[in-house]
Amino acid sequence: MSTETPRRLLLGPQRPTINLGDAIEASGIEARSLAVISAGWQEAENDIDEIRDVVGLPLADLCLYGRTESLLRDHEDLASDYRARQDRLQQQQRLYRLRLKQLAIAARHTLKASGDADILAAEQRHAVAQLRALDRHHLKRTTSVYEQFARTWNTETLPAIDEHRREIADILDANDGVIITGGNIAILLNRLSLFGMADLLADRTIIAWSAGAMVLADRIVLFHDRMPQGRREPEVLSAGLGLVRGHVFLPDPTGRLRLRDRPRIGLMARRFAPDKCVTLVSGASVEFGGTSVVGVSLAQRLGKKGQLTRVRAA
Amino acid sequence: MNPILEKLFENGEPDAAAVDAFIADNDFPLVDSSDVTFVFRGEADAIYLRIWISGLDTAQAFAPLEGTDLWAATIDLPKGSRVEYKFEVVRDGHGELILDPLNPVKAHDPFGANSVCQGFGYERPHWTYDLPESNKGRLESLTVQSAVFGDERTVQVYLPARFRLNRRFGLLIVHDGVDYLKFAALQTVLDNLIQALEIPPLIVALTQSPDRLNEYAGDDRHAKYIADELLPALYDAYPLIDDPRSRCIMGASFGGVASLHTAWRNQGLFGRLLLQSGSFAFSDIGRHKRDPVFDPVVEFMNDFRDSPGIPSERIYMSCGMYESLIYENRSLIPKLQGQGIDVLFEEARDAHNWENWRDRLRSGLSWLFPGPQWMVYE
């Protein structure tokens, strides 16, 4: 294990602009080979040839999606508990969404209201505080569901998980860092958590984009203002791996967020503070050394008044 | 008078050069925020605007514009409307239906083409265009032996861009599917909605009946063909999810009747229904006033309205406000909701045509098959 501060290079979507290779080069990350986690691509997990072409290095596929599928196929009890956990999480998310919708509407109206400045300020603070309290509550509840599952199913209770984890650790040791692609964030998170990847990745160089970047944060925030049936309130999904602290990552902001809706953007910034909401457009990159930004291109931060400001290196 | 026409006549009767410039400088018809002025240039005994909007006369006379060879007719048209029309040009006692020579925008259907008037504020949705960033699905043919009809039927099958045998897919069966491809850009729409993650990758079976006015009109043979012959053939050939919530059947006009009838005859089979401008004619008492081809439809719909059951747990319906069928469609909603069915009904300022059906596909498909975009960050 290295004693140096682990490096985290986070990127926006690799469509339409592919900046993976250039960003690695610009960051000065020196790698002879890299491991890849593309579980978010589900059945297409192994289609990593394009990444290989872009980075021009040997890649080792960690196959977290495939490993999970094989474990679920071979261990009926695990599969059954896994499904039950997902049912619980989905129910939890539905109830959270129900309450969130009302609180978010109330908060937006309160933030737009006019009148006595002192009265307004107090009510606005409280409206945002209620949202933050609900987010905290939801995070606590979902964390508890994950923890309960991990107590039942872990390397000690199921040797097959341990075998996979050892293989994964060996592959990681044999490479100079790991790439985490985008894709389905829930599937990616579930695969990472089954193998206890937070510990295995803690000291590694990580290069990640979109869902891969989101999952590294303390908490994962889902968002999309341009759904066919109308926009939805941003939602906390659950805790992330906590490998990049103090930030919430928002890939493809131009496609997914109404950035000109300043009250909405401002509320998002206030709701998730003190974490910084950082946008990652295609072509963007942010490099962290510990909790500090050491390199940045095109990334912006949401401000409490709905403004966007450039993220700057420390 | 339309302000642009007013300007043409502000200094009296315009000469031929001024009319030439007027034609060259403007897009036709002339669209205002609340009305539309159609213009024809040429010699004729009379000109009529033939427009098929329920609530308006089907033939509206043009007025000749003094001292010129121009004719004009103005109709009220609310914002966001889209209507199809032709001109009837009468010369020597004979009328001829023609497309608007000054309007390049046309819509096609199995009977030919119509000119299209896009009212103030109407914009063709971006997802109906061929977008370069969308990965393309492909079509292949499946042959189904039908004992019910005593023949062999070829079904076109759309496979999404990321089709893989090791994945399972939802199924959409589309009545008049080949027409949907030709006239409602269905393949392009599917490619775009899947690419945008607004719907999941689906396998889509595109059926085309050789005798739709009979087979789609509440014909039990058709319901049996779909349930007992087409579906098993599709499940044999493709990796499909075996769950009613992942099975949808859809259609427009008589295809809507066929979809509802098939789902009603096979309750529990299709968890999703998409019905566009369904020809849901019925009679509360006495004989209906429509064409005799509707006789079996009315018989079915009267039975259905007596005992709707639960043809599907979730139904998307759309209808144009300018269709005569709007009344029948609206009146079906409480019947369905009364059964506890989750119904989304959308009305559009449009009529009974393919582009109306095209423009509603995103809303209908994404509601019936919500895509993974909330969870996917690529």
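By convention in this document, chain letters (A, B, ...) are assigned in the order of the sequence lines, proteins followed by strands, and residues within each chain are numbered from 1. Heavy atoms only: backbone and side chains are in, while hydrogens, waters and symmetry mates are out. Predicted model, so just to flag it, every value in this text is computed and none were measured.
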Can you label the angle between the [X] ring and the [Y] ring as parallel, tilted or perpendicular, going by 30° and 60°?
X: A/W41; Y: A/W209; result: tilted
X: B/W357; Y: B/W354; result: perpendicular
X: B/F163; Y: B/Y238; result: perpendicular

Is chain A contacted by the side chain of B/L197, its backbone, both, or neither, given a heavy-atom distance below 4.5 Å?
->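 When you check distances to chain A, no heavy atom of B/L197 falls under 4.5 Å.
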Does a salt bridge link [X] with [Y], judged by any charged N lying under 4.0 Å from a carboxylate O?
X: A/R97; Y: A/E233; value: no
X: A/R219; Y: A/D135; value: no
X: B/R314; Y: B/D342; value: yes

Is chain B contacted by the side chain of [X], its backbone, both, or neither, given a heavy-atom distance below 4.5 Å?
X: A/D47; result: side chain
X: A/D252; result: neither
X: A/L237; result: side chain
X: A/A44; result: both

In terms of heavy-atom pairs under 4.5 Å, which option from B/E378, B/E198, B/R162, B/E133 contacts chain A the most?
->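 If we count pairs closer than 4.5 Å to chain A, B/E378 comes out on top.
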In terms of heavy-atom pairs under 4.5 Å with chain B, which of A/Q229, A/Q42, A/M214 leads?
->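 Top count of heavy-atom pairs under 4.5 Å with chain B: A/Q229.
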